[in-house]
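What follows is a set of notes on a single structure, which appears directly below.
Order of the sequence lines fixes the chain letters, A, B, ..., with proteins taken first and strands second; residue numbering starts at 1 for each chain.
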Amino acid sequence: MPVELTLIHHAARVALLILMAAMFLALYRLVRGPNLPDRVIALDLIATLALGMIVAYAILTGQPVFLNAAVILALIAFLGTVAFAKYIERRMSE
Amino acid sequence: MGLAATIFSGFLLAILAPFLHRLLRGKTGWVFALLPLAIAIYLAGFHREVRAGEALRAAYEWVPTLGIRLSFYLDGLSLLFALLISGIGALVLIYAGGYLHGHAQLGRFYSYILMFMASMLGVVLADNLLALFIFWELTSLSSYLLIGFNHEKEDSRSAALQALLITGGGGLALLAGIILLGSVGGSYEISALANADGVIREHPLYLPALLLFLLGAFTKSAQAPFHFWLPGAMAAPTPVSAYLHSATMVKAGVYLLARMNPILGGSAEWHYLVTLAGAATMLIGALLALPQTDLKRLLAYSTVSALGILVLLLGIGTAEAAKAAMVFLVVHSLYKGSLFMMAGAVDHETGTRDVQSLGGLVKIMPVTALAAGLAALSMTGFPPLLGFIGKELIYEAKLQAPTAAPLILGIGVIANIINVTVAAIVGIRPFVGDKRATPRKPHEAPLSLWLGPLTMAAAGLLLGLFPGLIANSLVSPAIQAIRAEEIVLKLKLWHGLNFVLLLSVFTVLAGIALFFARNFFRRLAGRAQGLSFLTPSVWYQKGLDGLMGFARAQTRLLQNGYLRYYLLTIFLATMLLVFFKLVLPPGWQSLEKFAVARYYEIGLGVAMLLAALVALFSRSRLTAAIALGVIGYGVAVIFVFYGAPDLAITQILIETLSVILFVLVVYHLPAFNRLSGSRSRLRDALVALLFGGMMSALVLKATNLQLHPTISGYFAENSLSLAHGRNVVNVILVDFRALDTLGEITVLAVAAVGVFALLKLKLK
Amino acid sequence: MTSTILRIASRYLTPVFLFFSLLILYRGHNAPGGGFIGGLLAAAALILYAMACGVDAARAKLRIDPRILVAAGLLTALLSGALALFSGNSFLTGRWVMLHLPFLGELPLGTPLLFDLGVYLVVIGITLIMLFALMEED
Amino acid sequence: MTEWISAALLIFGALFMFIGALGIVRLPDFFTRSHAAAKATSFGALLMLLAIALHFADPWIIFESLLVIAFIYLTAPIASHMLGRAAYFLNLPMWKGTHIDELRNRYDPEKHTLASGGEGE
């Protein structure tokens, strides 16, 4: 953690706080979600929130290396959703 | 160098045998026989040095730290055995070519027989006890393969298993004995141990080491009560019986006793144990042989009896006994080998081995009859055959046995009388008298089938007439190796008129008389079947069935097909061990390291906890999969929070792929319904909680316990300089600890093959 | 009945994924990445393609059977270790060579990279073995 | 000066993501939620990535964050399209207020085909 906390670092901490709150909202949908697609949406959202957290943390610690993780997350996260969609579709065609 | 070459050339040819056989077709036997012949001639060339006493040595380091060296040592004893092995080996290879002519797997047979010959040579030439042990086990293995050669037949398989279990078990005892002896004597080299014998015999560990060695030798040489595997081994093709189970392999135990005589021998325990075992086996072998009607079983039991005689002589331990043992060794190998081959030839021609339905073959198979006759006469100890000299020496040795001479002599005479009868039944009866109907119309055996028996029988005659030939070039150096003292040996046919000669004549006459009364004994044996529960083979069978029963019960208990019980056992066992370790002394340092938990870590932690609860209580498996996905991404972010981008990326990828995997698997699983009752779910919950608690405690303890200095410092500094890489994680993976990664990817590959097999398993 | 959008998208996305995975594989020595991660990414790319255009199309596009990939990967890893033997030091020591390309400047190539390539192929192979086997249950 | 902008971008990015999350909680049916989740959070991510690009101002970092933005805007639509399709096939209950349903009679449940011409070869 860098010693002098300038404005951007405070902004990053606030951003992390907001993302935490958003995480709990998504979890609410995960628990309540009446049917499967709702929960898949929650998963997709949490993935993007995770990306946000990584970016905020990268700024907070001044370590751009975490961006690589963000790149992969952006690339890969949608595969889960597509897999669920394919599953529902195959289930339907039976 | 040459010694090692003799052994490994055998192994090499064994590997090439199946391919060469396809090229050489009919003449394989003859061509392969050239190798053992060459070995015999090569080794025979050393008889002058061996006679002069300096042994030929060669040694190669193998596992220096454990003291295992491939060291070889040629002296009188090993020369005698090596010549027997290679000489008879050559004849057996030719014989096998004829006997198994046109057999589909003849190539495989040759490779097993050659493998056996090479390992047997290894046993007799090895100087390092551990090297000897390795070759010893190889002989048991090749005997297993050979006995079970026609593996379609159930009795061949069970006989092979029986032989392997007993000789293998003995081998284990031998290994233990070797290690004990090695620790006592300070080295595994036989030559080194030989001059440390004084200290060994007084050492408290001497008795256990001796017992273990004897166990190894007795199981291999079919001494009572381990004798029953030898008649069983007759299920093997006849060339095997002729080679392994009469002339060479079963003599490995005798060789071991002879070789260890200067080291372990000479003490009272050795004398009583070995003499007792030898005498008992001699008697039992003979008595069991009498009622037999199958040619090969008759010979098998008489081999047991002959081995008993050899062990008895080594037990007596006098110079006279050693001389008798060595001469009888040669005598027995010659006549028993040729009788076995004759039995094979007769079986090959007439289609039966039952003595009662064979007769009058002399006119049809004159050459085989000649060989059989000579061998049988040598077996009965009839002059001028070498067998006569052998018998004379045996009787003299027994006469002068230090303890219980009359008893030993008495048993010896009975055994020899039965020996004579068996010789008559096997060697003479099938060829004389009126011709009997046999399944196949017999005609003279082909050259390859009568060459072996005739050569060996002729050798018996030749050596009988001119014993000097082998007296001081082979027999006396062998005796020197056993007695470790100078001996001048005079072998001559005629020992003059004395009590021993009278005894021999009496034995032969009684044997012939018993021959005519053999049916009476067969009926007697028939009635004695009731006592069969006493015989060791029944005990062996009971033991085996008991073992199998226990194995089935234990498997049913632990491998009952329910995955959750497997997991349960694994978890409980791990917990038990780890809890035990956690409680132990190093104790718990302070936990201050975890005071500063930043708020977003706590937030993430709570969120993941919630997701875990969702996974736990969700009705549908897919919801659980999604919840696990959330936890996975949470872990990835935690990795980022703790500054590990590599780990985070790996976690993200693995998480997504496992979610996809989950979805695909769930697609194939039947609809989700509660299978387990509440009670078992409660049990599972309890186990899960305990296991989770244990893991957390383990991690906590591991992080603040410093058993060894950390190595990460070393990797960090040298990552760039040594391995040209700044990403320490990857550098460790592919350079510093590449071997571990190599292991890991191999494990992954094997796992994937397993998964593929399971998935492709179409449940029919 | 696969969705057209997914099929078109995967036709463009898969090459991007594969290129990216090779990039990660190569730069793994100095920056986050490496054989394992590259392999997983490449496998994900092919799974995307399989989901979009069917498993058989994906197998055709891959042209090599995943099991051969695993074997090839293991062999490459072993070979990279053996190279060190030829030059006299022990198994698996890193041997480096500096490649001077005309305009790209130096390109350091080392046996650890070859080892990483082995890991890369093995990881792709095993992931695809499992997932393709699951996907083609028709 | 640029520090202010990147801080603001960061905060707004987080806020948009928050709105996205709020959307999927409060909106009545699946289809409205999916549009909220996809669009709001992607835009939030875009803002945050611009913030990091601005903050580090290093060419490689900028390139990388633009790359991430591109990937997000490439993959998010596909994901929600596929999910929307699947949800429609499940004929999830729609909010009573919806009155435009262009797919109403084009989807044939028995043969599981979509006659909207979107089938391709």
In terms of heavy-atom contacts, does CZ of C:F19 have more than 12 from other residues, nucleotides or ligands at under 6.0 Å?
no

Please tell me if the side chains of C:L41 and A:I76 come closer than 4.5 Å, counting only heavy atoms from C-beta onward.
yes

For the atom pair CZ (C:F17) and CG (A:L75), what is the distance rounded to the nearest 0.5 Å?
4.5 Å

Side-chain contact, heavy-atom cut-off 4.5 Å: C:I24 with A:I72?
yes

Region of A:A83 in contact with chain C, defined by heavy-atom distances below 4.5 Å
both

Proximal component of C:I47, with respect to chain A [non-hydrogen, under 4.5 Å]:
neither

When rounded to the nearest 0.5 angstrom, what is the spacing between CZ in A:R90 and CE in C:M135?
8.0 Å

